[in-house]
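See below for the structure under consideration.
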Amino acid sequence: MSRRIAVAPDSRPAMHDSFVAAVRDAGGEVAGLADAQALIWADPYGASVYPEVIAAAPSVRWVQLPYAGIEPFRDYLDARITWTCAKGDVYSEPVAEWVMTALLTGLRDFHRFAAADSWCAESGRNLLGARVTVLGGGGITRSLMRLIEPWGCRVTVVRRSGEPFTGADRTLTPASLHEAVAGADAVVVALALTDETRGIVDAALLEAMGPQCWLVNVARGGHVDHAALGAALRAGTIAGAVLDVTAPEPLPDDSELWRLPNCVITPHIGNTREMGLPLVTDRVRENVRRWLAGEELLGLVDVSLGY
């Protein structure tokens, strides 16, 4: 494989410089766009400039994206190019840690106590032995299964293939989605956002969860119908929600979700930039090493599926 690898754009200097160092550490040669056969993308928020960047890089055969979610680049996916992203084990550990925090926050009523300004009545439920349904069978779910194992939860995983998920009590396909969430104490959304999964958490699914259930969304805001969620939270259709992602982001100040006492919102901090940069830099370094050695790359994107 060619050693000539471009790192672009340079609009986020910290990420750009980290990736440049990673390319060199792995034995690559940092090159200009015109000479490069691989491109390490260095601005997760700069997808709009991708067409002009790739037009200046006619020999590129591999593109590495910095985040696990690739929605901003989906319209640019080209089957003639090998695409990789940070899915898998890059961000899964810190994000799974956030999920554990969210589960305990909801079930133990920490949201209620944090908002109190005087001693209030005791309440809450154990996570121990709880029924937890996870939508998605990727790296976040693998990490979550390891973290949640000591709690002895009864876990159902919903995944496209239906192949049994290691550690889960049940593995179902999306065709059995309502069955999967019925009676759950918590439903965790950890899916890639595609045309098939957009709006998957709608009024009907919220109704199927039941009034004991907490919704935890660590995937993308587009998975959840926010109007339906607001109605469900007001009516007690579900117990509550903990959201690390919304649509749009930032969530507007006038969104009713801010004012609902059973809705906890964090500003997309399942994995912060500070936490994530060393992790994704390690992925870049390893994939450059693999590219130069002719080995299979990590985090391959299925262009036909869009993730």
Side-chain angles (χ1 to χ4, degrees), residues 1-92 95 138-140 191-195 197 219-220 222 268 271 273 276-307:
M1 295 292 181
S2 170
R3 295 167 57 88
R4 297 188 299 275
I5 299 171
V7 180
D10 60 4
S11 44
R12 294 189 178 269
M15 180 171 282
H16 178 272
D17 293 350
S18 290
F19 289 176
V20 165
V23 169
R24 289 173 174 154
D25 287 348
E29 174 189 338
V30 177
L33 291 169
D35 298 321
Q37 290 201 337
L39 170 62
I40 311 300
W41 193 261
D43 185 353
Y45 304 102
S48 62
V49 302
Y50 177 81
E52 62 186 81
V53 171
I54 200 65
S59 299
V60 162
R61 296 294 175 264
W62 164 45
V63 175
Q64 169 75 50
L65 299 177
Y67 281 1
I70 65 166
E71 296 83 22
F73 295 87
R74 187 169 289 127
D75 290 342
Y76 307 136
L77 294 180
D78 183 342
R80 295 170 297 180
I81 294 174
T82 297
W83 295 79
T84 55
C85 66
K87 67 181 179 179
D89 297 328
V90 176
Y91 298 131
S92 58
V95 173
I140 294 171
L191 292 161
L193 184 61
T194 66
D195 290 341
T197 64
R220 290 291 184 267
H268 207 142
N271 184 75
R273 296 176 195 175
L277 184 55
L279 301 173
V280 72
T281 299
D282 287 344
R283 169 62 64 89
V284 169
R285 185 181 297 108
E286 175 61 15
N287 263 353
V288 170
R289 185 197 68 75
R290 287 171 176 251
W291 169 260
L292 297 177
E295 299 175 6
E296 183 176 4
L297 301 176
L298 300 174
L300 287 166
V301 174
D302 187 320
V303 173
S304 64
L305 295 176
Y307 64 90

**Q.** For Ser48, side chain to side chain donor-acceptor pair (under 3.5 Å) partners two or more places apart
**A.**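 None.
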
Q: Could I get the full list of side chain to side chain donor-acceptor pair (under 3.5 Å) partners for Asp195, not counting sequence neighbours?
A: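 By the side chain to side chain donor-acceptor pair (under 3.5 Å) rule, Asp195 matches no residue at all.
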
Q | Worked check of side-chain contact (heavy atoms from CB on, under 4.5 Å) between Val90 and Tyr67 | A | CA-CA 9 Å; Val90 176; Tyr67 281 1; over 6 Å; no

Short side-chain to backbone donor-acceptor contact, [X] and [Y], under 3.5 Å:
| X | Y | answer |
| --- | --- | --- |
| Arg3 | Gly27 | yes |
| Lys87 | Leu300 | yes |
| Ser18 | Pro278 | no |
| Trp83 | Asp78 | yes |
| Arg4 | Asp35 | yes |
| Arg74 | Gly306 | yes |

Taking all atoms of both residues into account, what is the closest heavy-atom pair of [X] and [Y], and its distance?
| X | Y | answer |
| --- | --- | --- |
| Gly222 | Leu193 | C-CD1, 4.0 Å |
| Pro66 | Ala86 | O-CB, 3.4 Å |
| Val303 | Ala79 | CG1-N, 4.2 Å |
| Leu39 | Ile54 | CD2-CD1, 4.4 Å |
| Ala8 | Val53 | CB-CG1, 4.3 Å |
| Ala42 | Val7 | CB-CG1, 4.0 Å |

Q: Begin with the C-alpha distance, continue with both residues' side-chain angles, and end with the deciding distance and a verdict on side-chain contact (heavy atoms from CB on, under 4.5 Å) for Val280 and Phe19.
A: CA-CA 9 Å; Val280 72; Phe19 289 176; 3.8 Å; yes

Q. How far apart are the C-alpha atoms of Leu298 and Thr84, what are their side-chain angles, what is the distance that settles it, and do they pass the side-chain contact (heavy atoms from CB on, under 4.5 Å) test?
A. CA-CA 7 Å; Leu298 300 174; Thr84 55; over 6 Å; no

Quick check: do [X] and [Y] have side-chain heavy atoms less than 4.5 Å from each other?
| X | Y | result |
| --- | --- | --- |
| Trp291 | Arg61 | yes |
| Asn271 | Leu279 | yes |
| Leu305 | Thr194 | no |

**Q.** Presence of salt bridge, Arg283 and Glu286, under 4.0 angstrom
**A.**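 A salt bridge is absent here (no side-chain N lies under 4.0 Å from a carboxylate O).
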
Q. With the threshold set at 4.0 Å, does a side-chain nitrogen-carboxylate oxygen contact exist between Asp25 and Arg285?
A.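 A salt bridge links Asp25 with Arg285.
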
Q. Roughly how far, to the nearest 0.5 Å, is the CD1 atom of Ile40 from the NE2 atom of His16?
A.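 The distance works out to 11.0 Å.
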
Q.
side-chain contact (heavy atoms from CB on, under 4.5 Å) for Leu77 and Ile70? Distances and angles first, verdict last.
A. CA-CA 10 Å; Leu77 294 180; Ile70 65 166; 4.1 Å; yes

Q | By side-chain contact (heavy atoms from CB on, under 4.5 Å) - contacts of Ser11 (at least two apart) | A |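 side-chain contact (heavy atoms from CB on, under 4.5 Å) check on Ser11 returns Pro9, Asp43.
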
Q. Where does the angle between the aromatic ring planes of Tyr76 and Tyr50 fall among parallel (under 30°), tilted (30 to 60°) and perpendicular (over 60°)?
A.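 The arrangement is parallel - the two ring planes meet at less than 30°.
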
Q) Less than 6.0 Å separating the ring centroids of Trp41 and Phe73? A)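 Trp41 vs Phe73: aromatic centres under 6.0 Å.
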
